[in-house]
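Here is the structure we will look at.
Note on naming: letters A, B, ... go to the chains in the order of the sequence lines (proteins, then strands), and numbering restarts at 1 for each one.
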There are 2 protein chains.
Amino acid sequence: MGTTQLESVQEPKYWHLKTVLSEALDSEFSVGEILPNERDLAARFGVARATLRQALEQLELEGRLQRRRGVGTTVAPPRMGVSLGTGPHTWPGGSEDAWQPVDCTAAVPPPAVADALETGREEPVHIVRRSRVSHGRPVAAELLYIPQPSVPELSAGIEAPSGAAHARAVLRELQRLEPERQENAVELGSAGADEAKELDRLPGAPVLVVTTRFVAGGRAAALSVATYRADTCRLTFGDSEGVEIHAGMQGQAS
Amino acid sequence: MGTTQLESVQEPKYWHLKTVLSEALDSEFSVGEILPNERDLAARFGVARATLRQALEQLELEGRLQRRRGVGTTVAPPRMGVSLGTGPHTWPGGSEDAWQPVDCTAAVPPPAVADALETGREEPVHIVRRSRVSHGRPVAAELLYIPQPSVPELSAGIEAPSGAAHARAVLRELQRLEPERQENAVELGSAGADEAKELDRLPGAPVLVVTTRFVAGGRAAALSVATYRADTCRLTFGDSEGVEIHAGMQGQAS
DNA sequence: AAGTGGTCTAGACCACATT
DNA sequence: ATGTGGTCTAGACCACTTC
């Protein structure tokens, strides 16, 4: 990586820096390789550390870098494709289902969730926590809200076992319903303290929040709120999956 | 908004600040209202401006605030739901299609695009630029790559008219193909200088990049790379659209 | 103990929109 | 001309990982 000095331009330094680094990443580094530390890099480019960091943040947001406190900055692998399974017959607990139950509690959900489920705002629901792992790394954390009427066999024990076993039991019951369709939405969010820990990231890290409303018999049978790591994941849906489209497709032609 | 002083905690100041501001936003401000300027806010909370800005950046990322240079910081409206029309029969140029053609050129696409289209890496393709507007605001910019074989009638004129009229002609030709299916992916990106201008944002602003591969007759008929404003958009697919699910569904249940 | 990235400060100046 | 957010600096200290 040359000691390329920044020309005087009417373009923010951090932006130009990002471009230079991005090119260096393509040509002179390989995946997993560690970069020089921030103080050295800043000195090498003749900028303050804060400015250098602004460029690194951008590159991390784009999934090109990975930074870990106490360790260093490494070149990130291309984002992995993660299937959303958006067909009407891919329901929680199904066979393909890549999720792993963690535990299950019963509580009153946030108002927005209650509204989407069309339950009363004070009405407790089952809340199944699940996590999703891909290529050995945690990629997503989910909260699955299930109204009592969706799993009538379990309506009694509210102060239930609350472990992974109970979560599986709830999912099994949910399977008895006949899937009709699902409604999905994805938006940008930032990881809360809890999700951050589960995803092995710092609080505030960018995440893709996928909310799915499962409909059966004209009623909302369940609501899933899944938060995916935005730095490492490319969400696919509509029978893609392994398709080799990503990275480098942004930017104007010629 | 009270002059709540920050307690000494083992939590970053900007994080705590973000929480405080977020609550104030819910209770004491209404959509469109302008906040005090950054210098005043920083002073009021007893922190440096940079720290205050870190909190504001978070809130902007989550779509709660909108900041504009020379103007001020305002409370953002809830994100608008934007349909992705992911059905096999919603093709570019169709009836529902919310996109508006801008122009059309012919050029060699980026390598990653050529690979996805299964064309040669040196082979020029039609590139249709389109923009999408919702509620009077620009929400997305698209580059539609169309191989010559997909629109055989137009294969001759490479140095073509290049205006919106020509773009429409290309889309019209594309309609003659029989839609088979489409493969979609969404990931986080940052706006380039060009896209930023079109989306009325600063370069580097977070965007949701949706890549769609249209398949007809076993071949890739076209590839769309659409960048949506991540701050204002919630992408919906699988017959949602107007569903009132968003905001406030993140976060642990009591 | 040493080295890394993460947080924070108190300033300065710039680009932009409005008046 | 004024006021806004955007960029940049040169430091300091902290939290974390590794040795």
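Listed pair A:Arg67 / C:dG6 meets the phosphate criterion, a side-chain N or O lying under 4.0 Å from OP1 or OP2. Considering only side-chain N and O atoms, A:Thr73 lies under 4.0 angstrom from the phosphate OP1 or OP2 of C:dG5. Taking only side-chain nitrogens and oxygens, A:Arg53 never comes nearer than 4.0 Å to OP1 or OP2 of C:dG5. For D:dT7, neither phosphate oxygen OP1 nor OP2 lies less than 4.0 angstrom from any side-chain nitrogen or oxygen of A:Thr51. Listed pair B:Asn37 / D:dG3 fails the phosphate criterion, with no side-chain N or O lying under 4.0 Å from OP1 or OP2. At the phosphate of D:dT7, OP1 or OP2 sits under 4.0 Å from a side-chain N or O atom of A:Tyr14.
Following rounding to the nearest Å, A:Lys13 (NZ) and D:dA10 (C1') show an atom-to-atom distance of 13 Å. The CG-P distance, from B:Leu41 to D:dG6, rounds to 13 Å in whole Å. B:Ile34 places its CD1 atom 13 Å from the C1' atom of C:dA17, with the value rounded to the nearest Å. Between the C1' atom of C:dC16 and the CG atom of B:Asp200 lies a distance of 13 Å, rounded to the nearest Å. One atom, CH2 of B:Trp15, and another, P of C:dG6, lie 15 Å apart when rounded to the nearest Å. Look at CD on B:Glu11: it is 12 Å from P on C:dT7, rounded to the nearest Å. Computed from coordinates, the B:Leu202 CG to C:dC14 P distance equals 18 Å when rounded to whole Å. If you measure from atom CD of B:Glu38 to atom C1' of C:dC13, you get 15 Å, rounded to the nearest angstrom.
The one candidate from A:Leu65, A:Val20, A:Val31 that meets the side chain to side chain contact (heavy atoms under 4.5 Å, CB included) condition with A:Leu25 is A:Leu65.
Nearest-nucleotide positions on DNA chain D place A:Leu52 closer to the 5' end than the other of A:Leu52 and A:Val71.
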Quiz item: Run the salt bridge (Lys or Arg N to Asp or Glu O under 4.0 Å) check on B:Glu38 and B:Arg67 step by step: do they pass?
Solution: CA-CA 11 Å; B:Glu38 297 183 348; B:Arg67 299 190 287 171; 3.2 Å; yes
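Listed candidates were D:dC8, D:dT4, C:dG5. Nearest to the side chain of A:Gln54 is D:dC8. Taking every side-chain heavy atom of B:Arg49 into account, C:dA12 is the closest of C:dT9, D:dT4, C:dA12.
Taking the charged nitrogens against the carboxylate oxygens, A:Arg137 and A:Asp200 have no contact shorter than 4.0 Å, which rules out a salt bridge.
With a 6.0 Å radius and a threshold of 12 heavy atoms from other residues, nucleotides or ligands, B:Arg68 has its CZ atom at or below the threshold.
Between the side chain of B:Arg39 and the base of D:dG5, a donor-acceptor pair under 3.5 Å is found.
Of the N and O atoms on the side chains of B:Ser224 and B:Glu142, at least one donor lies less than 3.5 Å from an acceptor on the other residue.
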